[in-house]
Amino acid sequence: MWTIPKPRYRRCEEDEPEITVNIGGVRVVLFGDVLNRYPESRLAELVNCSSARNDELISSLCDDFDPGRKEFYFDRDPDAFKCIMDVYYFDEIHIKRGICPICFIKEMEFWKIDQSVLDECCKSYLSEKEGELKEIASKVKVILDDMEVNQNATRIQQCQRFLWRLMEKPGSSFPARVIAIASFLSILVSAVVMCVGTIPDLQVTDAEGKLVEHPTLEAIETACMMWFTAEYLLRLASSPNKLHFVLSFMNIIDFMAIIPFYVVLSLTYLGTTSMMELANVQQAVQALRIMRIARIFKLARHSSGLQTLTYALKRSLKELGLLLMYMGVGIFVFSALGYTMEQSHPETLFRSIPQSFWWAIITMTTVGYGDIYPKTTLGKCNAAKVLETAAKHEVELMELKSVGEHRRKDSDNDDT
Amino acid sequence: MEKSLAEFTKTGSQSTSSLPPEPVDIIRSKSCFRRVRLNVGGLPHEVLWRTLDRLPRTRLGKLQDCNSHESLMEVCDDYNLEENEYFFDRHPGAFTSILNFYRTGKLHMMEEMCALSFSQELDYWGIDEIYLESCCQARYHQKKEQMNEELKREADNLKDREGEEFDNTFCVEKRKKLWDLLEKPSSSVAAKILAITSILFIVLSTIALSLNTLPELQDKDEFGQPTDNPQLAHVEAVCIAWFTMEYLLRFLSSPNKWKFFKGPLNVIDLLAILPYYVTIFLTESNKSVLQFQNVRRVVQIFRIMRILRILKLARHSTGLQSLGFTLRRSYNELGLLILFLAMGIMIFSSLVFFAEKDEEDTKFKSIPASFWWATITMTTVGYGDIYPKTLLGKIVGGLCCIAGVLVIALPIPIIVNNFSEFYKEQKRQEKALKRREALERAKRNGSIVSMNLKEAFARSAELMDVVVEKNERPQDNHLSPNRWKWTPKRATSETSSNRSINTQHLGSPNKGRNSSPQKLNVQKLEEMYTQMAKTQSQPNLNAKDRGSRVGKQRDEIELGAIQDHHPSTLGTREGVGDMKSLSSIDSYISCATDFQENPRYPHSTQVDLCHSNSPAITSSQHSAAKTGHQTSGAPMLAPVTVSKPPCSENSRKFLFARNASRSLFSKGGCRNDKDPGPSPLSDSSVLSDHSLLSPEVSVYTTASSRTPPKSPESTALAPTVFTFHDSSISKYIDADTDDDEHMRDISDASPTDRLLSDSSPKRSININYQRGTNHLEAAHKILGQNCLFPLEGICGVPHENHVGPEMGRRQKGRHNTLDKSH
C-alpha cells in the first residue's frame with residue numbers, strides 16, 4: 001500500500017482523474033496527469049476510459065474492476081510494476097536486482113511501455129542475458145533437428161540420414177562408435193608410419209641408390225589413405241548440405257590430409273611417363289610430403305579437448321596477436337641490444353641482428369639451448385632483462401589462460 | 001448472520017479458533033469472488049482464480065477444488081472465508097516468482113534465492129523444475145548438483161566414520177587404543193611421537209638408500225661387484241623392521257581387514273617393505289646356484305622399488321594427499337595436456353626434420369630422432385644438445401617455443417583449480433567436522449530439539465490415531481440431535497481420512513480393505529442395482545451430459561469475456577478458438593477417454609450401484625475394514641438418494657460424503673491397484689458432484705436445453721480454455737498434462753486411478769461450475785438469489801453460512817488433539 005506523494009496545490013486547481021490500481025494484491029493510487037506522460041501506456045489508457053465510463057474498454061484493459069471502490073485489478077507481478085512505475089516519474093526504468101530481465105521485458109510489454117526507456121545499465125544486462133538465451137536456443141535447436149526423424153522421407157534420404165549419423169555421431173550407435181575408433185586408430189597408425197618411415201635404418205635403397213620408404217610401410221600408408229578417402233567420400237555423400245560440408249574447417253583438414261597422396265601419385269605417374277622432368281617431380285613430392293602432417297589435425301575431430309583448444313585460440317585471437325606483437329617488439333629490441341653489447345667481445349656469437357633474433361626468442365621463451373649466449377657482462381645484464389620481460393609475458397599468458405578456461409567451463413556446461 | 005460475522009471478525013482466522021465452515025459456504029465464497037487473496041508467510045498476494053486454474057495439478061490449482069474444511073486444510077495452512085484469504089506458511093520470496101509462473105507461464109528464479117530452498121518450494125507448490133526458464137536453469141542445476149555432490153560426500157564421510165566401529169571380537173578396547181595410536185596422530189601425545197618417529201625412519205631409510213649408491217661407500221664382494229656398505233645395510237634392516245612392525249600392528253588393529261588391505265596408503269606401505277624381503281629371499285635361495293647374474297638383475301629392480309618408501313610420507317602430509325587426489329581427479333586434463341604436447345611434438349618434429357634434413361652433419365636424422373628436440377623445446381627446458389641450424393629450422397624452432405608455452409599454459413589452470421578446490425574442501429571438511437561435533441555435544445546435553453520433521457510427524461500421526469479411536473464415541477455424543485442423523489457417516493469419513501494420513505505416513509499397505517465389506521454388501525448392492533439400473537442409469541447419463549453442456553456454455557461466456565479483457569494479446573476470436581482447440585485436443589485427450597469409459601465400464605454392476613449410493617459405501621467399507629466399529633455397511637446405504645433434485649439438506653449430505661470419499665482417495669485409495677473399490681467410487685464422486693451441483697445445474701439445464709447434445713469429447717474440451725497473456729503458456733500446460741499422463745500410464749494404467757486424477761470429468765465439471773460462477777455477470781445471473789455482485793463489496797455471502805456450533809466444536813476438538821500430539 002504505497003502511494004506516490006503528490007504536490008497538494010495541484011489538487012486545488014482542478015480535479016484531475018485519480019485511479020486506484022491493485023496489482024496482484026498491492027494497491028497503488030495514481031494520478032491521471034502523471035500517467036498521461038506516456039499516453040500509449042496501459043494505465044494512461046485506463047485513466048482515459050475510466051473518465052469516459054467505457055465499461056467494455058475498461059474490462060479489456062484490466063483483469064477486474066471494483067466499481068464500489070473504483071479499483072482496477074491487474075493480475076501481474078507487483079514487484080516488476082514498482083520498477084515500471086518509475087517511468088512516469090523519472091522517465092527511465094531500472095530493473096530491480098533479482099528480477100529476470102527477460103521476464104521484466106514481458107511485464108513492460110504488458111504495461112505497454114516502450115523498451116527504449118530502459119536505462120543503459122540495465123540494457124546491457126538485458127542484452128547479455130538475451131545473447132545467452134539465444135545461444136542456448138540455437139544449441140537446443142540443433143539437438144532437436146538431430147532428434148527429429150522425418151517419417152515421410154524417401155528411402156534414399158533415410159539412407160543418407162543413417163549414413164550421416166553413422167559417420168558423424170559416434171554416440172548414436174555401436175557401429176558408429178566402432179567407426180570412430182577405427183578412424184582414430186588409422187590416424188594414429190598413419191602418423192606413426194610417417195615418422196618411422198624417416199628412420200634411415202628402416203629405409204631401403206631403390207634402384208638408383210636412393211633411400212626410399214620401406215615397402216610394408218608404404219602399403220600401410222596406402223591402406224590408411226584408402227580409409228581416409230572412403231571416409232571423406234561417405235561423409236560428403238551423406239551430408240545434407242554439400243557446400244557447407246566442403247567449406248567447414250574440419251573437412252578442409254581432412255581434404256588436406258588426403259590430397260597430397262593423390263598428387264604424389266599422379267606426379268610420379270607423370271614422371272615415369274616422362275611427361276615432366278624427374279627432378280622437378282621429386283622436389284614437388286618432397287614438398288608435398290610435409291603436407292602429410294596435416295593428418296594429425298584430424299585427431300581434433302575425435303577430441304573435444306582439442307576442439308576447445310582451437311576454439312579458445314580462435315576466441316582469444318586478439319590477445320594472441322597482442323602477445324606476439326609484444327614478443328616481436330621484445331625480440332627486436334633485445335636482439336639489437338644484445339648485438340651491440342656483444343660486438344666488443346672478440347669471440348662473439350652474435351654475428352648479426354637477425355642471428356641474435358634466434359637468441360632472443362630462445363631466451364624469452366626460457367628454452368635456452370646454449371648455442372648462442374652472451375659473454376660480456378653487459379650482455380648478461382641484457383639477458384636478465386629479457387628474462388624479466390619473459391616473466392611479464394607469463395603473466396599475460398595467465399590471463400589468456402583464464403579466457404581459455406572460461407571457454408572450457410562454458411562448453412562443459414553445455415555438455416551437461 | 002450478524003452474529004457469525006462478528007464472531008469471525010473477533011476471532012480472525014476461523015479454522016483453528018472458530019468453527020469449520022460448511023462446504024456450501026466454501027463453494028459460495030469461492031463463487032462470489034473472482035479473485036483470491038493468498039497470504040504466504042505474511043506477504044499478501046491477490047490473484048484471479050482463473051489464473052490459478054492454468055495449472056490445475058499444482059497446489060494452488062487444487063485450492064480451487066477444495067470444497068470442504070478438511071481438504072482445504074490439506075492444501076493450505078489456514079484460511080478465512082470472509083476475507084477470502086488463504087494462508088500458507090511458506091517462504092514469501094520464492095512465492096513471488098512462483099505466482100508469476102501462473103501469470104506469465106515463465107518460471108524464473110530469484111537471483112538471491114538459494115537453489116535448494118527454491119527446489120523445496122517448487123516441491124511444495126507442486127511445480128516441476130523443468131518449467132524453469134533456460135536463463136535461470138543453468139544456475140539452478142549447477143547449484144543443485146553441487147549441493148547434492150557435497151551432501152553425498154558428507155554422507156560418505158559419515159559412513160566412513162561409522163565404518164570404524166569395532167566388532168565385538170577379542171580385545172576390542174586394546175585394539176581400538178592401538179588403532180587410535182597408529183592412525184590418529186592428533187589423538188594423543190604418544191601417537192604424535194609415534195608419527196614423528198615414523199617420519200624420521202622414512203627419511204633415514206631414504207638417505208641410506210641414496211648414500212648406498214656412492215662408489216666411495218660401497219664395498220666389493222667376492223665377485224668384484226660393488227655391494228652395500230655393511231653399516232648402511234644395518235640401518236636399512238632396522239628401518240625395514242620398524243616399517244614391518246608398524247604395518248603389522250596397523251593390520252592387526254584395523255577394524256576392517258580387507259578395507260585396510262585395499263587402502264592406497266597401505267598398499268604403498270606394503271610396496272615399501274616387500275622389495276627388501278624379496279631381495280633377501282632371492283639372494284639366500286640362489287647363493288649356491290650359478291645363475292647369479294640373472295638374480296642380480298631382478299634384485300636390482302627390487303632395489304629400485306625401495307624408493308617407493310618415500311611415498312610413505314604421504315600418510316603424514318595432507319598436502320601430498322591432496323596432490324595425489326588432484327592428479328586422480330584431473331586425469332582428464334592431464335590427458336588433454338599430454339595430447340596437446342604429443343600433437344605439438346609430432347608436428348614440430350616432422351617440420352624441423354624436413355627443414356633440417358639436408359644439412360650436413362645434422363642431428364635431425366629422422367622424425368623420431370627429432371622428437372627429443374621437440375619435447376625439450378616445447379617444455380622450454382632446452383638442453384642444447386640438438387638445435388636447428390638452418391634459417392627454416394630456426395623459424396620452426398621459434399614457433400615451437402611459443403606453441404609450447406601456450407599449449408602447456410592452457411590446461412594447467414584447470415589442474416591448479418582442482419588442487420585449490422580440493423584443498424579448500426579439506427579445510428571446510430575439518431571445520432564441518434568440528435561443527436558437527438559441537439552439535440552432537442549439544443544434542444547430548446539436550447539443548448537442541450530434534451528438528452526431524454518426518455519423524456515427528458510420523459509419531460504425531462500415530463498418537464492421533466490412538467486419540468481418534470478413543471474419542472470417537474464421546475465425540476459423537478457431543479453432537480446435537482438434529483445432527484445426529486448424519487454423524488455415523490461423518491465420523492467414519494473422518495476416521496478413515498485420518499487413517500489414510502496415518503497409513504500414508506507410516507507406509508503400511510492397506511491390507512484387507514476389499515475383504516469383508518465387499519462381501520457384506522454384495523447381495524444388497526445387487527438387489528439395489530436391479531432396482532436402480534432402470535431408473536438411474538439414464539438420468540445419470542443425462543446429468544452428465546447436462547453438466548458438461550453447462551460447462552461448455554459457461555466457457556463460451558468466459559471466452560467472450562477473456563477476449564474483451566485481452567484484445568492485444570489474444571487477437572481475434574479465431575485466435576482464441578485455435579488456441580483452445582490446440583490445447584484441448586493435445587492435452588485433454590485423457591479427459592475425453594476417461595469420460596467415454598464411464599458409461600461402458602466393465603464392472604457395470606458395481607459402477608451403477610455406486611452411482612446410486614457410493615459415498616456411503618466408501619465410508620462404510622473403509623471404516624469396516626480399518627476400525628471394525630461399523631460391522632456392516634448396509635445401514636449406511638439407506639439414506640442416500642440421488643436421482644431426485646436434492647433439497648438443500650440433501651445436497652449438504654452429499655457434500656460430506658463426497659468429500660470423505662475424495663479425501664480418502666487422494667491419500668490412501670490410489671495405493672490399492674487391485675482393489676475394485678476405487679473404480680466405482682471415483683465414478684460415484686462424479687455423480688455426487690452432479691447431485692451437489694444440481695440446484696444450480698437445474699437452472700443451467702433449462703437455459704441450455706435448446707443446445708444440441710454433444711459428444712463426450714466436447715465435454716472434455718470444456719475446461720481447457722485459459723486466458724493466456726502469452727501463448728507459450730499453452731505449451732507448458734500441454735507439457736504438464738502430458739507428462740503426468742505418461743507417468744500415470746507407467747505407474748498404473750488402471751482406469752480407476754486415472755479417474756481419480758485431476759483430469760477426471762468430476763473435476764472438469766467442477767471447474768466449469770466454479771468458473772461459470774466466478775464470472776461476474778454469469779454469477780449474477782445464475783446464482784442471483786444469494787450471491788452479491790462481487791464488485792460491490794468483498795464480503796459477498798456471509799449470511800448463508802450454515803456452520804453450526806456443535807459441528808465446529810467437534811471438528812475443533814479433533815484439531816486440538818492433533819495439535820497437541822504435534
Side-chain angles (χ1 to χ4, degrees), chain A residues 22 24-25 56 59-60 62-68 73 75-77 79 97-100 102-103 106 110 129 132-133 136-137 191 194-196 198-200 286 289-290 293 296 299 303 305-306 309 312 324 327 358 361-362 365-371 397-398 400-402 404-405 408 413, chain B residues 34-35 37 44-48 51 96 99-100 103-104 106 108 110-112 133-136 138 142 336 339-340 343 346-347 350-351 353-354 365-368 377 380-384 387 394 397-398 401-402 404-406 409-410 412-414 417 561 564-567 725-726 791-793:
Chain A
N22 180 350
E56 213 171 282
S59 58
S60 77
C62 68
D63 290 323
D64 202 355
F65 177 53
D66 188 343
Y73 174 76
D75 200 8
R76 306 300 297 188
D77 183 13
D79 289 340
R97 253 193 92 66
I99 299 179
C100 180
I102 312 291
C103 190
K106 284 274 178 328
F110 175 80
K129 277 270 175 186
E132 244 172 63
L133 272 188
I136 292 170
M194 185 186 76
C195 297
V196 168
T198 58
I199 296 173
Q286 277 301 324
R289 270 180 116 79
I290 302 172
I293 301 158
I296 291 168
L299 279 179
S303 156
L306 271 177
L309 178 72
L324 285 182
M327 256 192 150
W358 172 241
I361 292 173
I362 293 304
T365 53
T366 69
V367 170
Y369 287 128
D371 51 346
L397 261 178
M398 291 299 275
L400 198 72
K401 268 180 286 179
S402 71
E405 193 192 356
R408 195 163 297 113
N413 287 343
Chain B
R34 237 162 82 78
R35 289 177 243 160
R37 283 220 189 117
H45 298 271
E46 209 165 345
V47 68
L48 294 173
T51 311
T96 323
L99 196 60
N100 279 338
R103 285 171 177 149
T104 60
K106 302 234 188 290
H108 291 278
M110 285 287 190
E111 250 168 47
E112 60 265 35
E133 283 293 295
S134 43
C135 54
C136 305
Q142 213 173 313
L336 208 64
L339 183 73
F340 287 172
M343 274 187 65
M346 206 83 155
I347 290 161
S350 43
L351 279 177
F353 168 71
F354 283 113
K365 285 193 181 110
S366 65
I367 294 178
T377 307
T380 71
V381 170
Y383 287 126
Y387 50 87
K394 278 182 177 174
C401 294
I402 293 165
V405 170
L406 277 178
L410 282 174
I412 293 280
I414 302 172
N417 206 23
D564 287 340
H565 279 294
H566 307 286
H725 296 299
D726 188 335
L791 301 180
E792 286 153 16

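Please read all numbers here as calculations on a predicted model, not as lab measurements. Every chain is numbered from 1 and lettered A, B, ... according to where its sequence line falls, protein lines coming before strand lines.
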Legend entry - Full working for side chain to side chain contact (heavy atoms under 4.5 Å, CB included) between D371(A) and W358(A): CA-CA 10 Å; D371(A) 51 346; W358(A) 172 241; 2.9 Å; yes
Inset, instruction - Determine, stepwise, if the pair T96(B) / H45(B) fulfils side chain to side chain contact (heavy atoms under 4.5 Å, CB included). - result: CA-CA 9 Å; T96(B) 323; H45(B) 298 271; 4.3 Å; yes
Legend entry - Criterion side chain to side chain contact (heavy atoms under 4.5 Å, CB included) on L324(A) and I402(B), from CA distance to verdict: CA-CA 9 Å; L324(A) 285 182; I402(B) 293 165; 4.2 Å; yes
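Of the atoms belonging to M327(A), it is side-chain heavy atoms, and not backbone ones, that fall under 4.5 Å from chain B. Heavy-atom distances place both the backbone and the side chain of I296(A) under 4.5 Å from chain B. Proximity to chain A (any heavy atom under 4.5 Å) is shown, for L48(B), by both the backbone and the side chain. Contact annotation for L133(A): only side-chain heavy atoms (C-beta onward) come within less than 4.5 Å of a heavy atom of chain B. Contacts of D79(A) with chain B are made by side-chain atoms alone, with heavy-atom separations under 4.5 Å and no backbone atom involved. Looking at Y383(B), the atoms closer than 4.5 Å to chain A (heavy atoms on both sides) all sit in the backbone: N, CA, C or O. Only the backbone of V381(B) comes within contact range of chain A, judged by heavy atoms closer than 4.5 Å.
The environment of K129(A) atom NZ is dense: over 12 non-hydrogen atoms of other residues, nucleotides or ligands sit within 6.0 angstrom.
Scanning for side chain to side chain donor-acceptor pair (under 3.5 Å) contacts around N22(A) gives E71(A), E46(B), with sequence neighbours left out.
Taking all atoms of both residues into account, the shortest heavy-atom contact from C195(A) to P368(B) is O-CD, 3.1 Å.
Of the listed residues (I293(A), I361(A), V196(A)), the greatest number of heavy-atom pairs within a distance under 4.5 Å of chain B belongs to I293(A).
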